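Shown next, in C-alpha cells, is the structure this report addresses.
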Amino acid sequence: MAQLWGGRFTKETDKLVYNFNASISFDRKLFAQDIEGSIAHVVMLAKQGILTKDEKDTILRGLTAIRKDVDEGRLQITEEYEDIHSFVEANLIERIGDVGKKLHTGRSRNDQVALDMRLYIRLEVLCVDELVKELLGTLLRIMEENTDTYMPGFTHLQKAQPVTLAHHIGAYFEMFKRDRSRLKDIYHRMNYCPLGAGALAGTTYPLDRNYTASLLGFEGPSLNSMDAVSDRDYVIELLSALSTIMMHLSRFCEEIIIWNSDEYRFVEIDDAYSTGSSIMPQKKNPDIAELIRGKTGRVYGALVSILTTMKGIPLAYNKDMQEDKELTFDAVDTVKGCLALFEGMIRTMKFRKEVMERSAMKGFTNATDAADYLVGRGVPFRDAHGIIGKLVLYCIDKQCSIEDLSIEELKEISPVFEEDIYDAISLKACVEKRLTTGAPGPEAMQEIIAIEKDYLAKDWQIERSI
Ligand code: ARG
C-alpha cells in the first residue's frame, strides 16, 4: 500500500477501504498525461525560481526515464500504488532521491487529475473526430456513386415518395457533420488549464499559470480555482456528444438490418462483416450492426451515470468525481470501436440498386406526383388529393400501380388525365423534378455533394498540441 498522505494517520488503512478508494486499476490509462502535466509543472516551477535549474533537470530526467521504462515495458504500473499520481511520484523519488519530493510543490492531486482528464479528453475528441471524418469520406463516396440510384423514401416505415440512395445517405452525412461540430465546440470550450488551482484555493507560490497553460497547448488558465478542480462539464459534454454519435450510428444500423433482411434485400453485408448461426446453416446475420445498436445503451448509460454523480456535489472537489473515469474510458473506447467497424461495414456493403428501384416503383410512391399533375392542370390540390386517393383504392383492388391503368380507366376517375400522365409519374420524373435545395433530384444532389466535398477538404483541423 503506497500512499502519499500517511503523516496524519496513526493506523494503517483497512485493506478493504484501501482497495475501495484506490483508482490505479483504471487511472493508469492517464499515465502519459500525468507525466506530461508534471513536466510542464516542473518547467514552470524552475522558471519562477521555485526550483533550481539543477533540481528541474534532475526531476525531468527522472520523469522521462519513467515514461521510457513504462513505454518499453521495463516498468509495470502495479496495483501497489493508490493511483497513477502516487505511482509516478513514488517511482521518481526512488530514482532520484529527495529532490523528487519537490515535484508536488504548489500542486494538489485535485488540479492534477483535473488536468490529466482534460488532456485525455482533448486528445480523444480529436481521435473520435478523425474517425467520424473517415466515415464521412466513405459516405460521400457512396453518395457520389448513387445520385441516380432510386429507392423508396419512407415515413412511418411506409413507402412515401421516391428518393435516391445518395439522398438517403446524405441525411446521415448531415448528422455526422453536426457531430463533428459538437466535438469542435467541446474542444474549444474545455481547452483551459486547471493546473495551479491547487486543492481548491490556488497556492501561495508565485506560479505562472499562463505559462503552464501555454506549455500544454491550452488557451489559457481556468479563471476560478474552485471551479477548476470540480468542473466535469466537459466530461458530460463529451459523453453527450458521444451518445448522439451512437444514436446516429444506431439509427443507421437499424436501417441496414432492415435493408439486409430477406424481405427487403436492398443491401448485402459483406461476409467479412457478418456472422453465422451454430444451428441454422443458411444464416448470415448482421451481428455487427446489431452490436453497434446495442452498445448505444452503454454509452447513454455513461452519460446518465456522470450526470447523476455530479448533480448533488457541493464545491469543490469530492471523491465522487473519481467515478468519471471508468465510464468515460469505456464510452470513448466503445464509440471509437463502433465508428471504425461501422465504416468498414458500410464501405464493403453491396447496394442492390435494381431491388431498390423495383421497390420504389411499388407502394404508390408516385401518388403525390399524380396529384401534382392534376394541380398543374387547374385542379385545386385538396380535390386532386381526393381524386388520387380514389385512384389508389381502385389500384389496390386491382393489385396494380397507377401507371398500369389505361388512360380510359384514368379518365373515368378524372377527365383531366391525358397521355402525358405516364411520363409525369415515372420514377425518373418523380425524382428528377425534386430540385429544391436539399431535395433528391440529381442536379440538386450534385450541388450538395460539391458543398460536402469542399467541407471535407478544408474543414477545421486542430494541431495536436501534445
Ligand atoms: N483518484 C482521484 C480522482 O480520480 C484523484 C484525486 C484525489 N484527490 C483527493 N483529494 N483524494 O478523482
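Side chains included, hydrogens not; waters and symmetry mates left out as well; all remaining heavy atoms used. Please read these numbers as outputs of a predicted model, since none were measured by experiment. As the structure lists them, so they are numbered: ligands from 1, and atoms in each ligand from 1.
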Students often mix this up, so state it plainly: with edges at 30° and 60°, are the rings of Phe342 and Phe252 parallel, tilted or perpendicular? tilted

Can you check whether Tyr317 has an N/O within less than 3.5 Å of an N/O in ligand 1? yes

Counting only heavy atoms, which portion of Gln112 has something under 4.0 Å from ligand 1: side chain, backbone, both, or neither? neither

among protein heavy atoms, the one nearest atom 8 (N) of ligand 1 is Asn110 OD1, 2.9 Å

Less than 4.5 Å apart, side chain to side chain, heavy atoms only: is that true for Met310 and Asp320? no

So for ligand 1, is Arg232 a polar contact partner (N or O within less than 3.5 Å, distance only)? no

Do Gln161 and Arg434 have side chains that approach each other closer than 4.5 Å (heavy atoms only, starting at C-beta)? yes

Asp83, any N or O under 3.5 Å of ligand 1 N or O: no

Would you say Ile84 and Phe87 make side-chain contact, with heavy atoms under 4.5 Å? yes

Ranking His85, Lys319, Glu323 by closest non-hydrogen atom to atom 5 (C) of ligand 1, top hit is His85

In terms of ring plane angle, is the pair Phe266 and Phe154 parallel, tilted or perpendicular, where the classes change at 30° and 60°? tilted

Contact atoms of ligand 1, heavy-atom distance to Gln322 under 4.0 Å: 1 (N), 2 (C), 3 (C), 4 (O), 12 (O)

Tyr81 and Asn91: which non-hydrogen atoms are nearest, and at how many Å? OH-ND2, 3.7 Å

Among protein heavy atoms, which sits nearest to atom 4 (O) of ligand 1, and what does the distance come to when rounded to 0.1 Å? Lys325 NZ, 2.6 Å

